[in-house]
K.L.:
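Can you read through this structure? Questions will come right after.
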Amino acid sequence: MEQDYLNVKGRIFDIQRYSIHDGPGIRTIIFLKGCVLRCKWCCNPESQRYEIETMMRAGEQVTYGRDVTVAEMLAEAEKDRMYYRKSGGGVTLSGGEALCQPEFGVALLRGLHAHGIHTAMESMACAEFTTIERYLEHLDLYLMDIKHMEPEKHKAFTGRSNELMLENAKKIAASGYATRLVIRVPVIPTFNATPMEIRAIAQYAASLPG
Ligand code: SF4
């Protein structure tokens, strides 16, 4: 059925409204649960595992993760439509890694576009390109993290080498979709906060098609 994608389920751990740092205008950020990396500096440990889990925070037990449908998330986005219209904003998928739930992620982007809402995604592009391509069809802005250019150091600090992600950056830039690609760098002391390391990332970004 044409509308079946509205019933696709996904797992999120948070929704943040009125964000102004994750794409143009005022945005609603939907945080998907599950990540393929294990960055040593991660400030959202509750985002890493796909499983719903309970953690202690400020002396209290808190449950992280809940299952939602695309239709429910579209209803959440509709509450902020006035802000999107006045500011040029929209919805940003974040995580975790939003590519870890492709059925839900793609269906949600499709639904947002069907509602005329601007879409963005924060992601490390750590997935097969065939998966990423499914997102691009309904994605206006790809906010891609590049953390480091050296595979060994990347692996030592995040748990994974960076070759697949760097290759995907090239493929996204050359894909021919209307998606705008923006490279962002989390600057982490002891990991990449030297002029030499930042310059290497900048040079790579500058070499990408478009
Ligand atoms: S990519 Fe982001 S969410 Fe995943 S482990 Fe690293 S900092 Fe945490």
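In listed order, ligands and their atoms are each counted from 1.
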K.L.:
Short question: side chain of Arg27, backbone of Val91 - any donor-acceptor pair under 3.5 Å?
P.N.:
yes
K.L.:
Below 4.0 angstrom from a heavy atom of Gly96, which ligand 1 atoms are there? Numbered from 1 as shown, please.
P.N.:
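This gives 3 (S) as the contact atoms.
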K.L.:
Take every heavy atom of Asn44, measure it against each atom of ligand 1, and state whether any distance is under 4.0 Å.
P.N.:
no
K.L.:
Decide, yes or no, whether a salt bridge links Arg81 with Glu78 under the criterion of side-chain N to carboxylate O below 4.0 Å.
P.N.:
yes
K.L.:
Taking only non-hydrogen atoms of Gln48, do any sit less than 4.0 angstrom from ligand 1?
P.N.:
yes
K.L.:
Begin with the C-alpha distance, continue with both residues' side-chain angles, and end with the deciding distance and a verdict on side-chain contact (heavy atoms from CB on, under 4.5 Å) for Lys153 and Asn162.
P.N.:
CA-CA 9 Å; Lys153 194 165 184 186; Asn162 59 358; over 6 Å; no
K.L.:
Can you tell me the protein heavy atom closest to atom 8 (Fe) of ligand 1 and the distance?
P.N.:
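Result: Cys42 SG, 2.3 Å.
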K.L.:
Is it the case that the side chains of Thr131 and Glu128 hold a donor-acceptor pair, with the cut-off being a distance below 3.5 Å and no angle test?
P.N.:
no
K.L.:
Compare all side-chain heavy atoms of His154 with those of Ser161 and state whether any distance is below 4.5 angstrom.
P.N.:
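The answer is no; the side chains never approach within 4.5 Å.
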K.L.:
Classify the side-chain pair Thr28/Tyr84 by whether it contains a donor and acceptor separated by less than 3.5 Å.
P.N.:
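There is such a pair (donor and acceptor under 3.5 Å, judged by atom type) between the side chains of Thr28 and Tyr84.
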K.L.:
Hey, is atom 5 (S) of ligand 1 touched by any protein heavy atom at less than 4.0 Å?
P.N.:
yes
K.L.:
So if I count the atoms of ligand 1 from 1 in the order they appear, which ones are less than 4.0 Å from some heavy atom of Ser47?
P.N.:
3 (S)
K.L.:
Please could you name the atoms of ligand 1 that Met124 approaches to less than 4.0 Å, counting only its heavy atoms?
P.N.:
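Result: 1 (S).
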K.L.:
Does any N, O or S atom of Cys39, backbone or side chain, fall under 2.8 Å from atom 4 (Fe) of ligand 1?
P.N.:
no
